[in-house]
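Just below is one structure, and these are the notes that go with it.
The basis for the numbers below is simple: all heavy atoms, side chains too, and nothing from hydrogens, waters or symmetry mates.
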Amino acid sequence: MALWATSCSSSEKLFLASSAATRRRMGSRRRDLVHVGMTDQAETETISIAYKEGDRERPKWADETPFSRLVEALISFKPFYSLLKLGARQVLISTAEGNNIPWREMTKEILESDVYKELNTIQNTSLQYPDYYLSPCHAYDEGNLSWLAAAEAEVATMSMTRRAIPYAPSNEEATQEMRGNWVQAIKQHHMKHSGNVTIQNIVDIGCSVGLSTRFLADEFPSAKVTGLDLSPYFLSVAQYKEKKRPPRKNPIRWIHAAGENTGLPSKSFDLVSFSYVFHECPERAIIALVNEAFRLLRPGGTLAITDLAPKSKILQELSPALFTLMKSTEPFLNEYCLTDLEERLREAGFVNMKTLLTDPRHMTMTATVPHQHV
């Protein structure tokens with residue numbers, strides 16, 4: 001999460017200034033993008049104006065260059081890594097609180113609650129964790145397998161959202177722009193390519209503490225929604241938080257399982273979603289996740305991936321200090337940026353791949369399972 005915690009670089013400030021001018025020209029039209037349907041042509045035109053792509057397929061800092069290898073060597077040096085990890089965490093917290101996100105208070109509220117009681121109802125004690133999942137990440141030595149990581153996941157996501165949408169008047173509006181554009185891309189893709197298949201069953205793989213899952217459940221209230229994650233701690237927080245909300249017509253189901261091998265029935269979902277999951281995975285795991293999604297989807301079903309955008313102008317222009325800090329908390333970031341996601345989807349059998357920048361730093365990629373899929 002360190003990527004979104006630091007102050008804007010000069011290139012980002014220039015981008016934000018041009019984006020602000022664009023929004024003033026567009027007036028309410030840009031805000032409507034988050035909430036209302038658009039034609040495919042209008043969607044492409046508006047997104048390309050609002051969110052800038054860089055000149056490369058991926059950032060230079062992700063390529064196999066001597067400088068990139070030097071950064072990797074520095075990160076692998078434990079004393080230096082420890083300093084980076086501490087710095088990343090402190091900057092993330094201070095940045096969040098500078099944006100009126102009460103990091104310490106929200107974390108304390110979770111850690112001092114009854115959330116621990118949820119673990120026994122969630123945890124699959126026989127689950128074998130993939131080796132990559134046991135790697136330190138996000139400045140936590142245990143990765144996602146700790147109560148602290150779970151307690152801080154929501155505020156870290158809020159901080160990331162503000163980092164991506166710094167011009168939003170409030171945290172709520174930043175979230176609505178990021179999540180709203182994402183779900184709008186899903187709806188439009190499904191409407192265009194599903195063959196009138198209604199979204200009745202959704203699985204959100206790598207759901208963390210359920211923020212994306214709840215957003216999908218709110219946007220598709222008639223659908224049955226499943227949130228699936230490898231961390232029983234994250235899922236405990238998700239279930240605890242959901243119990244605090246008014247009951248839903250279709251309660252969200254939470255499952256502790258590996259996304260590569262969910263154990264769920266084949267052809268049982270109309271939408272499979274991955275939100276900010278793939279940049280935390282090696283390529284072999286990405287391939288396995290994509291293949292599992294293909295198995296889970298019905299013919300005409302939609303796959304939706306939202307994650308860091310290697311083509312983002314802002315990400316491509318990060319300073320060496322910023323991307324070094326970022327790579328220190330994201331061990332598989334290089335593999336993600338070097339992976340040709342559309343090609344991996346094509347190899348799995350998906351069709352109708354489409355990629356859009358849905359905010360200045362993130363893309364949403366959608367694809368379809370062929371209707372003749374047997």
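- The two residues Asn144 and Cys137 make their nearest non-hydrogen contact at OD1-SG, 4.2 Å.
- The side-chain hydrogen bond (donor to acceptor under 3.5 Å, both in side chains) pairs that include a residue from residues 223-236 are Thr226-Arg253, where partners are two or more places apart or lie in different chains.
- Counted by atom type alone, Arg361 and Ser312 present zero donor-acceptor pairs between their side chains at under 3.5 Å.
- Closest of all the heavy-atom pairs between Val290 and Arg344 is CG1-O, 4.0 Å.
- Proximity of Phe274 to Val272: side-chain heavy atoms (C-beta onward) are separated by under 4.5 Å at one or more points.
- Proximity of a side-chain donor or acceptor of Lys327 to a complementary backbone N or O of Trp61 within less than 3.5 Å is detected.
- Other residues, nucleotides and ligands contribute at most 12 non-hydrogen atoms within 6.0 Å of the CD atom of Glu57.
- For Arg179 and Asp359, the salt-bridge test fails: no basic side-chain N is under 4.0 Å from an acidic carboxylate O.
- For the residue pair Asp204 and Ser212, the shortest heavy atom distance occurs at OD2-OG, 2.6 Å.
- If you chain together hydrophobic residues whose side chains sit under 4.5 Å apart, Met365 and Leu338 never meet in one group.
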Report all side-chain donor-acceptor pairs from residues 195-203 shorter than 3.5 Å, counting only partners two or more places apart or in another chain.
unit_1: Asn201; atom_1: OD1; unit_2: Arg298; atom_2: NH1; d: 3.4
unit_1: Asn201; atom_1: OD1; unit_2: Arg298; atom_2: NH2; d: 3.4

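- Of the residues listed (Thr364, Thr302, Thr368, Asn352), the one engaging His189 in a side chain to side chain donor-acceptor pair (under 3.5 Å) is Thr368, and it is the only one.
- For the side chain to side chain donor-acceptor pair (under 3.5 Å) criterion with Arg104, the lone passing option out of Glu152, Glu97, Glu109 is Glu97.
- Between the side chain of Ser135 and the backbone N or O of Tyr132 there is at least one donor-acceptor pair closer than 3.5 Å.
- In terms of hydrophobic clustering, with Ile, Leu, Val, Met, Phe, Trp and Tyr side chains grouped at heavy-atom distances under 4.5 Å, Val209 and Trp147 are assigned to a common cluster.
- A heavy-atom distance below 4.5 Å is found between the side chains of Glu118 and Thr121.
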Assess the residue pair Lys243 and Gln239 against the criterion (side-chain contact (heavy atoms from CB on, under 4.5 Å)); give the C-alpha distance rounded to whole Å, side-chain angles, the decisive distance to 0.1 Å, and a yes or no. CA-CA 6 Å; Lys243 286 180 177 179; Gln239 183 166 277; 4.0 Å; yes
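- Nearest heavy-atom pair, Val237 versus Ala150, reported as atom, atom and distance to 0.1 Å: CG2-CB, 3.8 Å.
- Without hydrogens or angle criteria, Tyr336 side chain to Leu308 main chain gives a donor-acceptor distance under 3.5 Å.
- Within a 6.0 Å sphere centred on CD of Glu343, heavy atoms belonging to other residues, nucleotides or ligands number more than 12.
- Judged by distance alone, the side chain of Ser159 and the main-chain N or O of Val155 form no donor-acceptor pair under 3.5 Å.
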Give the intermediate values and the outcome of side-chain hydrogen bond (donor to acceptor under 3.5 Å, both in side chains) for residues Glu173 and Ser170. CA-CA 5 Å; Glu173 289 178 83; Ser170 67; 3.3 Å; yes
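- Ring-plane geometry between His279 and His138 is classed as tilted, the angle between the planes lying from 30 to 60 degrees on a 0 to 90 degree scale.
- Under the 4.5 Å side-chain heavy-atom criterion for Ile, Leu, Val, Met, Phe, Trp and Tyr, Leu228 and Tyr133 are members of distinct hydrophobic clusters.
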Please test Thr355 against Ile305 for side-chain contact (heavy atoms from CB on, under 4.5 Å), starting from the C-alpha separation and ending with a verdict. CA-CA 9 Å; Thr355 304; Ile305 301 162; over 6 Å; no
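- Under a 4.0 Å N-O distance rule, the pair Arg248/Asp218 qualifies as a salt bridge.
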